[in-house]
Participant: 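Before we start, here is the structure in question, set down as structure tokens.
Quantities reported herein were computed from a predicted structural model and do not represent experimental measurements. We count ligands from 1, going down the list as the structure has it; atoms in each ligand are counted the same way.
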Amino acid sequence: MAALHDALTPVFDEVIRRNPGEAEFHQAVREVLESLGPVLGKRPEYADAEIIRRLCEPERQIIFRVPWVDDAGRVQLNRGFRVEFNSALGPYKGGIRFHPSVYLGIVKFLGFEQIFKNALTGMPIGGGKGGSDFDPKGRSDAEVMRFCQSFMTELYRHIGEHTDVPAGDIGVGGREIGYLFGQYKRITNRYESGVLTGKGITWGGSQVRTESTGYGTVFFVKEALAARGMDLEGRRVVVSGSGNVAIYATEKAQALGAKVVATSDSSGYVVDEAGIDLDLLKEIKNGHRGRVSDYAARRDSAHFVAGGSIWDVPCDIALPCATQNELDADAAAALVRNGCLIVAEGANMPTTPEATRVLREGGVVFAPGKAVNAGGVATSALEMQQNASRDSWSFEHTEQRLSEIMSSIHARCLETADEYGAPGDYVAGANIAGFTHVADAMLALGVI
Ligand code: GLU
């Protein structure tokens, strides 16, 4: 672990004391604090106003019971969360995750990262996150609907277009947003489009929202390569995960001339030296909610490896797009050995702190999720903008806006890293640029 500035050690100790057992939250806070040392010297007013301590404490944390009835008529019970972390820049904004691993520490780590990510987009959105330990895997549509309705029956009182605007994350896509929106509308008797993003195109959604996190990830990589006089043409790419982020990162990487040679899910990974057949992957994953092993079974050029590490597959560009802490120090060492140029995080915090260190020491460019995957939430903000003006933009226009946002995020990271004496360091750039933007707003709004 890198050292903390003296003034930040007690802040971090307090976070650990106040939030026992929440390892992912501690990790996310530590990673930001490690970047903030140089800011304290330049901007003493932040310390005077206790900005960093206040930032680490969520404005509001909601935990609730989610009872529902399964197809066999049995009563099931889950726990729901919404952590409204910071609203200095706008209404709380961030996704909802349905996954058995969800507990308060995961929601807080995601909500904390979301503050800085959202600030980096330059859009007027605060940070929040929600979720449940509900596992949608193997559940029927009717069960997912009943769960979403029960979840929203509590959540509706805490959200609103000017208050808190949830969206999707792992386990929450168009189907779930539909059920959640339907129940919100029914309870409140309001067609409040701006209360959720990731809606269907025909009922208030935005073009490109589905693709945006994956596309944005590749737009960021394109900028990072261009800054080094390179491009994506002919590059070997490995993309972990096979959810929305991974699928659309693969699509855009291929469109820009790269060859994506591996994909994965929680059961293992697939190597396809002919390049991933995206139509087949989409059919299996989106059409049937199937596994990547089904992909290998249907394609001669592909083979499936159960378990193992996808990062053993040699590549120029590694895009971890699955989940937190999926890329560890051994994986990082393999990437360094195989001559990987850049690791860009499509998921939230997929690289462990030790892995990040190994990559940087090995000369691999490392781009953090806060910057790289911000295209998703940025396009959510574009969806809110369209809802507010009762407008809907074309795919081309929306994609153009996304591309401009990603290029400005990239530029801000580099400029900020330069300004604070860490040239080329995307972690420092993203953390400091996101932090100062929120911190200035918090200063202006007083002690609240
Ligand atoms: N869950 C996504 C993220 O991690 C998107 C959030 C949103 O669109 O509000 O940024």
Participant: With ring centroids as reference points, do Y191 and F181 lie under 6.0 angstrom apart?
Facilitator: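 Yes.
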Participant: List ligand 1 atoms under 4.0 Å from A167, heavy atoms only on the residue side.
Facilitator: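 With A167 as reference, the close atoms of ligand 1 come out as 7 (C), 8 (O), 9 (O).
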Participant: Please determine whether a side-chain nitrogen of the Lys or Arg among D164 and K93 lies less than 4.0 Å from a carboxylate oxygen of the Asp or Glu.
Facilitator: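 Salt bridge between D164 and K93, a charged N being under 4.0 Å from a carboxylate O: no.
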Participant: For N348, is at least one N or O under 3.5 Å away from an N or O on ligand 1?
Facilitator: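 Yes, since at least one N or O of N348 sits under 3.5 Å from an N or O of ligand 1.
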Participant: Using a 4.0 Å heavy-atom cut-off, which part of K370 comes near ligand 1: side chain, backbone, both, or neither?
Facilitator: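 Under 4.0 Å from ligand 1, K370 contributes no heavy atoms.
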Participant: Does any N or O of ligand 1 fall below 3.5 Å from an N or O anywhere on G168, backbone included?
Facilitator: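 Yes - when backbone and side-chain N and O of G168 are compared with those of ligand 1, one distance drops under 3.5 Å.
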Participant: Nearest protein heavy atom to atom 8 (O) of ligand 1, by residue and atom, and its distance?
Facilitator: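 For atom 8 (O) of ligand 1, the nearest protein heavy atom comes out as S380 OG, 2.6 Å.
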Participant: Considering only the protein, which heavy-atom contact is closest to atom 6 (C) of ligand 1, and what is its distance?
Facilitator: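 Heavy-atom neighbour on the protein nearest atom 6 (C) of ligand 1: G95 N, 3.5 Å.
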Participant: Looking at F109 versus H26, is the centre-to-centre ring distance below 6.0 Å?
Facilitator: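 No, they do not, as the ring centres are separated by 6.0 Å or more.
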Participant: List the closest protein heavy-atom neighbour of atom 9 (O) of ligand 1: residue, atom name, distance to the nearest 0.1 Å.
Facilitator: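 Heavy-atom neighbour on the protein nearest atom 9 (O) of ligand 1: K93 NZ, 2.7 Å.
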Participant: Tell me if the aromatic rings of F151 and W68 count as close, with their centers under 6.0 Å from one another.
Facilitator: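 No, they do not, as the ring centres are separated by 6.0 Å or more.
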Participant: When the aromatic ring centroids of Y92 and F85 are compared, is their separation below 6.0 Å?
Facilitator: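 No, the ring of Y92 stays outside the 6.0 Å limit from the ring of F85, centre to centre.
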Participant: At the 4.0 Å heavy-atom cut-off, does E113 count as touching ligand 1?
Facilitator: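 Judged by the 4.0 Å heavy-atom criterion, E113 does not count as contacting ligand 1.
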Participant: Is E113 salt-bridged to K370, going by a charged N under 4.0 Å from an acidic O?
Facilitator: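 Looking at E113 and K370, the cut-off is met.
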Participant: Under 4.0 Å, heavy atoms only, figure out whether ligand 1 is touched by the backbone of Q114, its side chain, both or neither.
Facilitator: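 For Q114, the contact with ligand 1 is made by the side chain alone.
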Participant: Does this structure show an ion pair linking E50 with R53, if we count only N-O contacts that are shorter than 4.0 Å?
Facilitator: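 Yes, charged N to carboxylate O under 4.0 Å.
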Participant: Do the ring centers of Y179 and F147 come within less than 6.0 Å of each other?
Facilitator: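 No, ring centres 6.0 Å or more apart.
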Participant: What protein heavy atom is closest to atom 3 (C) of ligand 1, reported as residue, atom name and distance in Å?
Facilitator: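 The closest heavy atom on the protein side is K117 NZ, 3.3 Å.
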Participant: Applying a heavy-atom cut-off of 4.0 Å, say which part of K129 lies close to ligand 1: side chain, backbone, both or neither.
Facilitator: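 Within the 4.0 Å criterion, K129 contacts ligand 1 through side-chain atoms alone.
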Participant: Give the residue and atom name of whichever protein heavy atom lies nearest to atom 5 (C) of ligand 1, and the separation in Å to one decimal.
Facilitator: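 Among all protein heavy atoms, the one nearest atom 5 (C) of ligand 1 is R209 NH2, 3.4 Å.
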